[in-house]
Amino acid sequence: MGNIGLISSHGGLNGAAKMVDILARGLANGGHNVRLYHHENAWFEAQDYPANVELRPVDIGVRMLNKSEINRVRSELLDWNALCLHSHGTSADRFNGCVRVPGQLAGIATAHARILHLHWRKHDWIIAPSDYTRSWYQKTHLGRADRMSVIPNAMEATFLQVHPHCAMDELRDALDLPKDKFLILMIGSICHRKNQSAAIPMLKALVDQGVDAHLLVVGPEDRKESAKLKSAIAKAKMKTRVHLMGLQEDMDRFAGASDCVLSTSRDEQASVSLLETLAGGRPAVSSRTGSAAEVIQDGKSGQVFDLKNMAPAIALMRRLAKDQIFAAECGAQARRDFEANYTTAPFVAAHMALYEKLAAT
């Protein structure tokens with residue numbers, strides 16, 4: 001069994017933090033020991049981890065990295081005979097590049113975003129969550145092909161058993177959501193990158209075509225982007241059909257209460273909400289960015305579309321609304337795809353194999 005160091009510079013819950021959480025639990029459940037370094041008062045502190053996951057607050061630094069903390073973490077991990085330090089988040093990646101000791105302590109970073117930083121060249125290995133991400137890093141020469149691999153993100157395989165399609169009405173009652181409507185769910189912070197306002201013309205097109213559709217937008221609001229979204233809602237006269245739900249913890253229940261999940265993002269790498277959709281047995285409709293085309297089977301588990309041509313997505317959602325048999329099969333195919341490719345066991349095993357490989361070199 002090995003000792004693994006993880007470090008995250010994400011204070012709140014987002015896709016990257018969720019992957020750290022899943023990885024820490026999976027490694028611990030496999031008998032490994034984990035030290036998870038994080039910002040003080042980060043989301044991780046409120047989670048209940050196995051006994052062999054040790055939470056360690058660290059002051060990474062803001063503009064300048066904290067040199068004394070770099071020395072402390074390096075010393076702790078070397079004394080502990082850690083196999084590696086695996087970082088998540090830009091500040092954590094920069095910190096990790098200074099902690100690593102060639103030949104003694106491997107430095108591994110997961111590229112959760114496409115960012116032009118020189119720290120990538122300091123790592124022993126870069127993990128990309130999708131081929132889309134790996135291709136970009138190789139084209140920009142920020143990552144060497146022989147020091148980079150793809151490990152797709154993963155999700156716990158629990159949603160469908162807890163919230164089957166037949167439980168949709170019960171969930172809508174519990175969440176005070178409208179029944180007998182076609183509910184489209186959007187997950188994520190309301191921000192420029194997520195581009196939620198692009199969904200409003202799609203909603204209007206569905207309504208104009210006779211679909212009694214409503215849009216649920218779940219996530220914290222950015223003032224500027226929220227104003228843009230609300231303006232688009234008002235202009236399209238969709239105010240009674242768009243529900244801004246704010247930040248919610250029980251995303252699995254919202255997914256289970258919805259007919260499909262929609263993403264109009266301008267940029268993603270490997271969307272965690274997309275995996276939550278598949279895990280929940282719901283069709284996924286996504287703009288063509290990140291891993292969407294790798295994850296979704298068009299017309300079978302959902303639809304990938306270009307932001308300049310939303311017609312295929314609108315047509316797919318209209319069919320989901322009108323054809324319950326087709327909708328059920330799309331959801332079932334989404335779940336089958338999830339179980340075949342995106343559960344936590346192969347995700348954790350791929351990481352552990354990489355840690356051991358680098359520790360042996």
Side-chain angles (χ1 to χ4, degrees), residues 129-133 135 150 152-155 157 159-160 163-166 168 181-188 194-196 198-216 252 254-343:
S130 67
D131 285 324
Y132 174 89
T133 308
S135 175
V150 174
N153 285 341
M155 187 56 55
F159 295 136
L160 186 60
H163 306 308
H165 203 276
C166 61
M168 186 179 290
K181 311 293 183 184
F182 183 73
L183 294 190
I184 305 165
L185 175 65
M186 300 189 81
I187 304 170
K194 293 291 186 181
N195 192 31
Q196 285 94 340
I200 304 306
M202 302 173 76
L203 175 66
K204 186 176 187 307
L206 286 169
V207 172
D208 289 346
Q209 293 175 24
V211 177
D212 194 1
H214 285 242
L215 180 67
L216 310 178
D252 55 315
F254 277 91
S258 302
D259 292 284
C260 71
V261 179
L262 170 65
S263 171
T264 53
S265 287
R266 292 181 170 91
D267 182 54
E268 297 281 353
Q269 304 311 306
S271 170
V272 173
S273 62
L274 181 55
L275 297 188
E276 290 175 336
T277 303
L278 268 61
R282 296 297 183 264
V285 182
S286 174
S287 52
R288 193 179 303 279
T289 183
S291 62
E294 302 167 33
V295 172
I296 298 171
Q297 294 190 63
D298 284 347
K300 295 182 179 180
S301 64
Q303 184 71 46
V304 180
F305 65 96
D306 296 314
L307 287 171
K308 293 183 178 180
N309 180 18
M310 298 177 174
I314 294 167
L316 187 282
M317 288 190 286
R318 183 177 186 277
R319 187 178 176 190
L320 290 173
K322 300 292 186 180
D323 188 339
Q324 292 187 358
I325 294 175
F326 174 70
E329 178 52 34
C330 274
Q333 184 62 54
R335 178 65 185 193
R336 288 193 293 268
D337 290 347
F338 167 77
E339 291 180 343
N341 301 298
Y342 303 108
T343 56

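Quick note: numbers below take in every heavy atom, side chains included, and nothing from hydrogens, waters or symmetry partners. Computed from a predicted structure; not experimentally measured.
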Please tell me if the side chains of [X] and [Y] come closer than 4.5 Å, counting only heavy atoms from C-beta onward.
X      : Y      : answer
Ile184 : Cys260 : yes
Met155 : Val272 : yes
Ile314 : Gln209 : yes
Glu294 : Asp131 : yes
Ser286 : Ile296 : yes
Leu203 : Phe182 : no

To the nearest 0.5 angstrom, please state how far the [atom1] atom of [X] sits from the [atom2] atom of [Y].
X      : Y      : atom1 : atom2 : result
Thr264 : Lys194 : OG1   : NZ    : 9.5 Å
Asp259 : Cys330 : CG    : SG    : 12.0 Å
Leu215 : Lys204 : CG    : NZ    : 15.0 Å
Leu320 : Gln324 : CG    : CD    : 11.0 Å
Phe326 : Leu316 : CZ    : CG    : 5.0 Å
Leu278 : Ser273 : CG    : OG    : 10.5 Å

At their closest point, which heavy atom of [X] faces which heavy atom of [Y], and how far apart are they?
X      : Y      : result
Arg335 : Ala279 : NH1-O, 2.5 Å
Ser291 : Ala270 : OG-CA, 3.4 Å
Pro152 : Tyr342 : CB-CE2, 3.9 Å
Ser301 : Val295 : OG-O, 4.4 Å
Leu262 : Met186 : O-CG, 3.5 Å
Leu206 : Arg318 : CD2-N, 3.7 Å

| task | Could you tell me whether the side chains of Gln269 and Asp267 share a donor-acceptor contact shorter than 3.5 Å? | result | yes
Are any side-chain N or O atoms of [X] and backbone N or O atoms of [Y], one a donor and one an acceptor, separated by less than 3.5 Å?
X      : Y      : value
Ser258 : Val261 : no
Thr277 : Arg282 : no
Glu268 : Ala292 : no
Asp323 : Arg319 : no

| message | Tell me whether Glu329 is salt-bridged to Lys300, with the criterion being a basic N under 4.0 Å from an acidic carboxylate O. | response | no
| task | Take Asp298 and Phe305 through the side-chain contact (heavy atoms from CB on, under 4.5 Å) test and state the conclusion after the steps. | result | CA-CA 9 Å; Asp298 284 347; Phe305 65 96; over 6 Å; no
